[in-house]
Asker: 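Mind having a look at this structure? Questions to follow.
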Amino acid sequence: MSSPKGSNVRKTRFSSFVGRVLLEVPSLEEQDWPKDDEEDFDFKDAEQEADSLPQPYRMINKMVNLLLDQTWEVIMSKHAAREAERGRAQPTSLPPLVESKLDKIPNCMVVSQDYVFVGGARGFSIHDLYDARRLHVWEKLKVDVTSIWATDLGTDILIAPVDETGIARLFYFYKDGLVLIKAINEVDDTSKQTTCLRMEISHGGDFAAFLLQGAGEVWLDVYKLPKESWVKELEHPQPAVNPKKKVKQLQPNTLDFVTSDDLETDVSTCVRGDIKLSPPVHIMKIKPPKPITGTTFKSPLEVFAKIEDCSGLGSGQNHFIKDSQWEQQAAVFKAAFKKHGDEEWEEEPRLSTATFYFLLPSCLTALPADAKSPSDPEGVWPCASPITVSRLSCCCSYLVLACADGVLTLWDLAEGFPLGVIALPEGCFCQSIHFLKYYLVHEGQNVYPEAPVKSQMKCVVLCTDSSLRLVTARGTQEPTMSVLAESPVKSLDEAICAVAPVPALPGMVLTFSRSGSVQLMDVAKPQVICAFAPPRTYRLAAPWKPVFVVSLHHPRFLLRGDHPDEIGSDDDAKDGQNSIFCFNLEAYPLLENICNPRTVRQTDTADSTAFAQGLPLEKRCEIFLQKRFRKLEKKVQEQEHWTRIRRYSLLLQKEASQK
């Protein structure tokens with residue numbers, strides 16, 4: 001006789017193997033029996049039923065298992081990404097040709113003519129672009145130079161470094177040395193010291209503007225640069241005291257790696273103090289425009305009396321809208337669009353930042369001869385959303401404005417009309433804009449047209465999701481956008497963090513990724529041509545913010561490389577081992593076809609629709625008539641040829657009949 005306890009045990013063990021399906025009497029026919037799957041049953045070990053963990057250990061066990069599962073998923077995803085990376089063809093990596101070893105960390109670089117200006121600790125240095133020789137050094141500061149600008153003045157160069165304290169200085173660099181012109185915002189009283197946030201020099205070096213901040217205010221100081229006076233004051237400079245030593249000459253277009261230690265240099269460590277140049281002349285101080293508020297005028301006649309001309313662009317200050325009307329309009333807007341969001345409508349305060357450019361006279365900026373220039377801002381361009389990024393082309397003919405809503409507005413300043421408006425994909429916003437010199441694809445190769453084009457532009461847009469896009473605008477046609485590089489999905493190390501066009505090569509840009517790789521991309525295809533990397537003993541200390549510079553007139557670029565032992569060390573490491581590597585694209589056999597002659601004549605591109613639309617109407621008519629004339633001339637020549645054949649045939653027939 002079994003005990004009740006044993007019955008309970010048997011029932012418990014039996015229930016451990018009961019399926020999750022409903023119990024029913026099976027049919028007599030085998031074909032009607034249900035086909036049970038393994039997953040429809042719970043198989044449990046009856047001996048371990050009583051061994052379940054109590055709380056809170058059971059929850060801890062679940063959390064540990066969840067953590068292990070998530071860790072395994074990450075491991076498998078990285079493994080899959082690594083396998084995919086191995087299976088993908090890697091571009092050929094090219095080493096640098098010249099290394100310039102520095103005893104201090106370079107913070108910034110700029111190229112002008114055939115010189116490289118490197119800003120670093122306590123000053124800046126000047127190097128030769130081709131062989132990395134250090135020519136001049138100016139180190140008289142107690143702080144570092146954080147940014148530097150250089151403008152080509154024809155035969156000479158104007159240099160403007162800005163140090164950590166925000167003091168901007170102007171230097172004049174010519175064949176015999178370096179001359180300090182003026183410290184723009186340096187004062188004796190440190191409590192009244194202002195900070196230079198940004199500066200810009202006009203095309204040709206006639207004007208300079210400095211964005212200054214101090215005492216809770218921000219303003220723009222504009223100076224006139226007396227270039228003609230500087231040339232006269234430097235007509236009879238004193239000769240150099242030390243004759244230059246002979247320098248080891250480098251053979252052009254060679255792949256031999258050399259360092260600056262292999263070159264004998266004669267470095268000048270002081271500024272020419274025996275020459276004093278005329279200081280720049282302050283001509284204008286521009287303050288931020290006042291916020292638009294309710295009108296203070298009592299009648300419309302007072303408003304019209306304040307309007308100085310009838311131009312379509314104005315400052316927006318002279319109006320007849322009252323504060324109550326502004327409030328009513330805001331209330332109507334909130335009531336109409338309240339259903340789209342329940343959040344508060346009060347806008348967060350935004351930090352005001354200024355970006356400024358020097359524009360050349362154009363149809364958009366020029367005023368009529370009989371019109372008077374209005375006071376304060378001469379023109380205000382309204383935008384539907386705050387402007388986050390803007391870029392002016394180097395020729396000052398095109399302007400691109402990127403707004404906070406992801407919309408790009410393309411302006412043709414020379415002709416005075418917008419080329420179009422194009423929107424980035426939803427959730428994608430603009431991070432930076434880079435203009436490309438307009439190029440054509442002729443016989444499978446990127447080429448520059450010999451004559452300048454009109455109302456045609458191309459620019460590369462780097463988005464916040466690290467995707468890269470090419471925007472093309474042409475005349476009255478709608479702008480187009482194509483994807484050059486997708487946003488990385490598997491690995492963030494592939495994200496593009498910086499882009500730099502190579503002006504000397506049509507349609508070529510350099511991309512810098514977070515992994516430290518530098519690649520040359522052909523945007524016309526688009527495809528990666530090759531990669532560049534410093535020697536293995538060096539790497540980029542901050543790949544997400546690389547220090548580099550690209551020459552405007554030569555297919556060269558320079559890249560800062562840091563020794564691994566110096567990365568992440570203290571301030572004393574500023575005197576450690578750092579180098580600037582020069583990559584000459586013309587010296588690599590792989591890029592020989594890309595670096596061939598890069599211009600094409602109008603006659604060779606006359607059949608190109610894209611090129612013809614960018615020419616003036618008179619030029620297009622001339623090309624059209626020339627083509628028609630050549631066709632008619634060819635047709636006449638063919639007719640004359642057949643006429644001569646017929647005459648010769650008739651002559652032969654006549655001779656044959658006479659015989």
Asker: Should we say atom CG of Asp189 is surrounded by more than 12 heavy atoms from elsewhere, each under 6.0 Å from it?
Answerer: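 Counting neighbours around CG of Asp189, more than 12 heavy atoms of other residues, nucleotides or ligands fall under 6.0 Å, so yes.
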Asker: Looking at every heavy atom in both Trp149 and Met199, which two are closest together, and how far apart are they?
Answerer: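 So the minimum-distance heavy-atom pair works out to CE3-CG, 3.3 Å.
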Asker: Is it the case that the side chain of Arg391 and the backbone of Ile433 share a donor-acceptor pair, with hydrogens and angles ignored and the cut-off at 3.5 Å?
Answerer: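 Yes, because the side chain of Arg391 sits within donor-acceptor range (under 3.5 Å) of the backbone of Ile433.
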Asker: Take atom CD in Glu592; do more than 12 heavy atoms of anything else shown fall under 6.0 Å from it?
Answerer: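 No, the 6.0 Å shell around CD holds no more than 12 heavy atoms from other groups.
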Asker: How about Tyr172 and Asp156: does a side-chain donor come under 3.5 Å of a side-chain acceptor?
Answerer: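 Distance-only check passes for Tyr172 and Asp156.
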Asker: How about Val389 and Gln431: do any of their side-chain heavy atoms sit closer than 4.5 Å?
Answerer: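 Heavy-atom side-chain distance check fails, nothing below 4.5 Å.
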Asker: State, to 0.1 Å, how close Arg556 and Leu129 come at their nearest heavy-atom pair, and which atoms those are.
Answerer: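 Closest approach of Arg556 to Leu129: NH1-O, 4.0 Å.
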Asker: Tell me if the centroids of the rings in Tyr398 and Trp411 come within less than 6.0 Å of each other.
Answerer: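 Centroid distance Tyr398-Trp411: not below 6.0 Å, so no.
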Asker: Between the side chains of Ser278 and Glu233, is a donor N or O closer than 3.5 angstrom to an acceptor N or O?
Answerer: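 Yes, because at least one side-chain N or O of Ser278 sits under 3.5 Å from a partner of the opposite role on Glu233.
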Asker: Any salt bridge linking Arg169 with Asp163? Criterion: basic side-chain nitrogen under 4.0 Å from a carboxylate oxygen.
Answerer: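 Looking at Arg169 and Asp163, the cut-off is met.
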Asker: Measuring from Leu197:CG to Leu211:CG, what's the distance to the nearest 0.5 Å?
Answerer: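 With rounding to 0.5 Å, CG (Leu197) is 5.0 Å from CG (Leu211).
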Asker: For the SG atom of Cys595 and the CD atom of Glu586, what is their distance to the nearest 0.5 Å?
Answerer: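 The CD atom of Glu586 is 5.5 Å from SG of Cys595, to the nearest 0.5 Å.
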Asker: If we ignore hydrogens and angles and just use 3.5 Å, is the side chain of Tyr357 paired with the main-chain N or O of Glu200 as donor and acceptor?
Answerer: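 Answer holds: no.
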Asker: Name all residues meeting the salt bridge (Lys or Arg N to Asp or Glu O under 4.0 Å) criterion together with Lys224; count only those two or more places apart in sequence or in a different chain, and write none if there are none.
Answerer: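 With neighbours one apart ignored, the set is empty.
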Asker: Quiz question: by atom type and distance under 3.5 Å, do the side chains of Glu99 and Ser579 form a donor-acceptor pair?
Answerer: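 Glu99 vs Ser579: donor-acceptor pair found between side chains.
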Asker: Parallel, tilted or perpendicular: which one describes the rings of Phe532 and Phe557, with boundaries at 30° and 60°?
Answerer: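 Phe532 and Phe557: perpendicular rings.
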Asker: Could you go through Cys459 and His434, starting from their C-alpha distance and side-chain angles, then the distance that decides it, and tell me whether this counts as side chain to side chain contact (heavy atoms under 4.5 Å, CB included)?
Answerer: CA-CA 5 Å; Cys459 65; His434 308 271; over 6 Å; no
Asker: Side-chain contact, heavy-atom cut-off 4.5 Å: Phe583 with Val98?
Answerer: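 Phe583 vs Val98: side chains apart.
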Asker: Would you say Lys285 has more than 12 foreign heavy atoms packed within less than 6.0 Å of its NZ?
Answerer: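 Counting other residues, nucleotides and ligands, NZ of Lys285 exceeds 12 neighbours.
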Asker: Report the distance from atom CG of Leu234 to atom CG of Leu277, rounding to the nearest 0.5 Å.
Answerer: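 So the CG of Leu234 and the CG of Leu277 are separated by 5.0 Å.
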Asker: Checking ring-ring contact (aromatic ring centres under 6.0 Å, His included) against Tyr223, which of Phe207, Phe210, Phe358 comes through?
Answerer: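 Of Phe207, Phe210, Phe358, ring-ring contact (aromatic ring centres under 6.0 Å, His included) with Tyr223 is met by Phe210 alone.
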Asker: Search all heavy atoms of Thr355 against all heavy atoms of Ser390 and return the closest pair with its distance.
Answerer: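 Reported closest heavy-atom pair: CG2-OG, 3.7 Å.
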Asker: Restricting to non-hydrogen atoms, name the atom on Leu408 and the atom on Ala402 that form the minimum distance, rounded to 0.1 Å.
Answerer: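 Answer, listing the atom of Leu408 first, then Ala402: CD2-CB, 3.3 Å.
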Asker: If we count only N and O atoms by modelled type, under 3.5 Å, do the side chains of His127 and Ser125 hold a donor and an acceptor together?
Answerer: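 Present: a donor and an acceptor within the cut-off.
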Asker: Search all heavy atoms of Val550 against all heavy atoms of Val502 and return the closest pair with its distance.
Answerer: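 Looking at all heavy atoms of both residues, the closest pair is CG1-CA, 4.2 Å.
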Asker: Within a strict 4.5 Å, meaning less than it, do heavy atoms of the Ser147 and Val145 side chains meet?
Answerer: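 Sidechains of Val145 and Ser147: no contact.
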Asker: According to ring pair (Phe, Tyr, Trp, His ring centres under 6.0 Å), who are the partners of His554, at least two apart in sequence or on a separate chain?
Answerer: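 Result, ring pair (Phe, Tyr, Trp, His ring centres under 6.0 Å) vs His554: Tyr130.
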Asker: With a distance cut-off below 6.0 Å to the six-membered ring centre and an angular limit of 45° from the axis, does Lys287 pair with Trp219 as a cation-pi contact?
Answerer: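 Lys287 over Trp219 ring: no.
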Asker: Among Phe171, Phe124, Phe173, Phe117, find the one that has a ring-ring contact (aromatic ring centres under 6.0 Å, His included) with His136.
Answerer: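 When ring-ring contact (aromatic ring centres under 6.0 Å, His included) is applied between His136 and each of Phe171, Phe124, Phe173, Phe117, only Phe173 qualifies.
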Asker: Can you check side chain to side chain contact (heavy atoms under 4.5 Å, CB included) on Leu410 and Met457, steps first, answer last?
Answerer: CA-CA 9 Å; Leu410 318 176; Met457 56 151 287; 4.3 Å; yes
Asker: Quick one: are Leu170 and Leu225 in side-chain contact, heavy atoms under 4.5 Å?
Answerer: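 Yes; the side chains approach each other to less than 4.5 Å.
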Asker: Look at the side chain of Asn185 and the backbone N and O of Gln193, then say whether any donor-acceptor pair between them is shorter than 3.5 Å.
Answerer: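 Not confirmed, Asn185 side chain does not pair with Gln193 backbone.
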Asker: Quick one, Ile580 with Met109, criterion side chain to side chain contact (heavy atoms under 4.5 Å, CB included). Give me CA distance, side-chain angles, the key distance, then yes/no.
Answerer: CA-CA 10 Å; Ile580 294 178; Met109 293 186 292; 3.5 Å; yes
Asker: Output the distance between atom CG (Leu520) and atom CG (Leu585), rounded to the nearest 0.5 Å.
Answerer: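 It is 6.0 Å, given to the nearest 0.5 Å.
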Asker: Is there a donor-acceptor pair closer than 3.5 Å between any side-chain N or O of Gln113 and the backbone N or O of Gly154?
Answerer: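 Yes; judged by distance alone, with no hydrogens or angles, the pair exists.
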Asker: Taking the side chain as C-beta and beyond, is there a heavy-atom pair between Ile167 and Cys196 under 4.5 Å?
Answerer: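 With C-beta onward as the side chain, the pair stays apart.
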Asker: Take Asp206 and Lys227 through the salt bridge (Lys or Arg N to Asp or Glu O under 4.0 Å) test and state the conclusion after the steps.
Answerer: CA-CA 7 Å; Asp206 295 319; Lys227 296 191 306 179; 3.1 Å; yes
Asker: How long is the straight-line distance from CG of Leu399 back to CG of Leu413, given to the nearest 0.5 Å?
Answerer: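 It comes to 5.5 Å.
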Asker: Are Phe435 and Val400 packed together at the side-chain level, in the sense that at least one heavy-atom pair is separated by less than 4.5 angstrom?
Answerer: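 Side-chain contact under 4.5 Å: yes.
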Asker: Working to the nearest 0.5 Å, report the span between CG of Leu359 and NE2 of His203.
Answerer: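 NE2 of His203 is found 13.0 Å from CG of Leu359.
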Asker: Which heavy-atom pair separates Pro279 from Ile181 by the least distance, and what is that distance?
Answerer: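 Of all heavy-atom pairs spanning Pro279 and Ile181, the closest is CA-CG2, 4.3 Å.
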Asker: Going through the distances and angles, do Asp412 and Lys454 end up as a salt bridge (Lys or Arg N to Asp or Glu O under 4.0 Å)?
Answerer: CA-CA 9 Å; Asp412 185 350; Lys454 181 179 178 183; over 6 Å; no
Asker: Could you tell me whether the side chain of Leu220 reaches within less than 4.5 Å of the side chain of Leu212, counting heavy atoms only?
Answerer: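 Not touching, per the 4.5 Å side-chain cut-off.
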Asker: Is there a donor-acceptor pair under 3.5 Å between the side chain of Asp144 and the backbone N or O of Thr146?
Answerer: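 Not at all, since once roles are kept as given, no pair shorter than 3.5 Å links the two residues.
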Asker: Tell me, do Leu436 and Leu470 make a side-chain contact under 4.5 Å, heavy atoms counted?
Answerer: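 Yes; the side chains approach each other to less than 4.5 Å.
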Asker: What verdict does the side chain to side chain contact (heavy atoms under 4.5 Å, CB included) test give for Tyr448 and Val453, after you've listed the backbone C-alpha separation in whole Å, the side-chain angles of each residue and the deciding distance to 0.1 Å?
Answerer: CA-CA 10 Å; Tyr448 286 137; Val453 297; over 6 Å; no
